[in-house]
Amino acid sequence: MRWLERCWYVGDTLDRDVLGGRRAGVAKLILLPSGATGRGNDAVVQPDAVIKQLSDLLTMFAPGPAR
């Protein structure tokens, strides 16, 4: 699915959200840690970014200077 190559996915678990998104071919994976963010087996993959709150996404998607 070519559209997945342009998607960003935000989730709170490494083993389900980040690893699942990576396997599905999602372009960028963002981790928003919560009480569901565990340790151990779910530490097998790293997200592209980690945010503390959803509003942090506004900074990530803010338009930058023209290149």
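Since this is a predicted model, take the numbers as computed values, not measurements. The figures that follow rest on heavy atoms only: side chains count, while hydrogens, waters and symmetry mates do not.
For residues 10-31, no residue pair satisfies the ring-ring contact (aromatic ring centres under 6.0 Å, His included) rule, not counting sequence neighbours.
Looking at L19, D17, V10, V18 one by one, the single match for side-chain contact (heavy atoms from CB on, under 4.5 Å) with P47 turns out to be V18.
Residue Y9 holds its OH atom at 12.0 Å from CD1 of I30, rounded to the nearest 0.5 Å.
With sequence neighbours left out, the salt bridge (Lys or Arg N to Asp or Glu O under 4.0 Å) criterion links D48 to R22.
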Would you give me the side-chain donor-acceptor pairs under 3.5 Å for residues 49-63, sequence neighbours excluded?
unit_1, atom_1, unit_2, atom_2, d
Q53, NE2, S55, OG, 3.2
D56, OD2, K52, N, 2.9
D56, OD2, Q53, N, 3.2

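Taken together through direct or relayed side-chain contacts under 4.5 Å among Ile, Leu, Val, Met, Phe, Trp and Tyr, W8 and L31 form parts of separate hydrophobic clusters. By the criterion of side-chain heavy atoms lying less than 4.5 angstrom apart, applied directly or through intervening Ile, Leu, Val, Met, Phe, Trp or Tyr residues, L14 is not grouped with L32; the two fall into different hydrophobic clusters.
Without hydrogens or angle criteria, D12 side chain to P33 main chain gives no donor-acceptor distance under 3.5 Å.
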